[in-house]
Amino acid sequence: MLVGAHVRAGPGFSLALSHGDEVGADAIQVFTQSPRGWKPSPFSGDVLSRFRESLASHATIRRVFCHATYLINLATSDESLYARSLDCLLDNLRVAREIGASGLVLHAGSHRGEGFESCVERVASGCRKVLDAAQAGTACPILLENTAGAGGTVGRSFTELARLIEAAGRDERLGVCLDTQHLWASGVAYRDADEAHAAVEAFDEVLGLGRLRCIHGNDSKVPLGSGRDRHANIGEGTIGGAALGWLLGHPSIQESTVLLEVPGAGKGPRREDVAAMRRVHAEGLASWAAR
Ligand SMILES: [Zn+2]
Ligand SMILES: [Zn+2]
């Protein structure tokens with residue numbers, strides 16, 4: 001399993017790799033544009049292809065993932081917001097493909113109380129339209145992220161994610177990003193080997209482990225089942241290092257990449273946070289091996 005972190009790309013994008021180096025990451029996640037604005041990515045094709053070349057020859061960073069803009073909402077019934085979301089997602093995906101990203105992580109959005117079934121087709125067809133328009137192959141899939149379960153957010157369970165992927169005709173260009181904090185907040189426990197195994201098996205049964213392309217590795221500021229999206233530093237939250245180890249050390253998911261999105265000291269993941277994740281992961285592997 002590659003261990004990495006979300007990092008800032010900087011004004012010229014190219015800084016993302018050096019920020020990844022600073023924290024000791026084997027993989028990084030970046031925003032392709034400001035995550036809280038609609039303004040499209042300002043980067044030229046040259047900047048993006050230079051980044052891709054630097055990535056290909058980089059000594060330690062092996063994979064890059066992108067996280068889509070937070071304003072995107074494919075579940076909305078508001079037509080102008082939906083159209084804007086498709087344009088923005090397309091721009092995000094074009095940049096992700098250009099830089100050689102292994103996937104674009106997406107929060108599908110919120111139906112705002114209208115019910116999950118009301119938005120399944122919108123989300124599914126929106127993803128397919130954007131994937132077709134961006135001509136993104138399977139190399140840069142859209143990765144639907146599981147949510148903590150707040151409000152009308154879509155993707156709060158493996159079953160919901162599977163419904164979306166089925167509605168999209170099981171498109172090969174759709175994958176899943178599993179966030180450990182959201183999973184915990186949505187009520188899925190993995191405090192010991194049996195619980196962690198049950199969680200991984202449920203994923204495999206409902207979605208298939210082939211869809212699992214990356215993991216957001218976060219501890220939680222809020223309790224199991226609280227439905228809220230609040231990340232804590234590794235080992236400092238209600239999940240704890242041992243539980244994270246049981247989940248992340250599971251033998252069936254070692255091809256995946258874990259990316260930290262923890263607060264650090266307030267500015268995001270630091271070198272010591274990545275080191276803490278490596279320890280937790282190594283202890284998890286050892287616990288599974290000793291069983
Ligand atoms: Zn996440
Ligand atoms: Zn989150």
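When a ligand or atom number is given, it counts from 1 through the structure's own listing order.
With salt bridges taken as basic N to acidic carboxylate O contacts below 4.0 Å, none links Asp78 and Arg84.
When the options Leu247, Val176, Leu248, Asp179 are evaluated for a side chain to side chain contact (heavy atoms under 4.5 Å, CB included) with Ile215, the one that passes is Leu248.
For Asp229, the N/O/S atom at the shortest distance from the Zn ion (ligand 2) is named OD1.
Between His182 and His231, the ring planes lie tilted relative to each other; the angle falls in the 30° to 60° range.
Aromatic pair His6/His19: ring centres not closer than 6.0 Å. Between Phe116 and His111, the distance from one ring center to the other does not fall under 6.0 angstrom.
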Next on the checklist: Run Thr238 and Leu224 through side chain to side chain contact (heavy atoms under 4.5 Å, CB included) and show every step you take.
Outcome noted: CA-CA 8 Å; Thr238 61; Leu224 175 69; over 6 Å; no

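Listed by chain and residue number, the protein N/O/S atoms under 2.8 Å of the Zn ion (ligand 1) are Glu145 OE2, Asp179 OD2, His216 ND1, Glu261 OE1, with waters left out.
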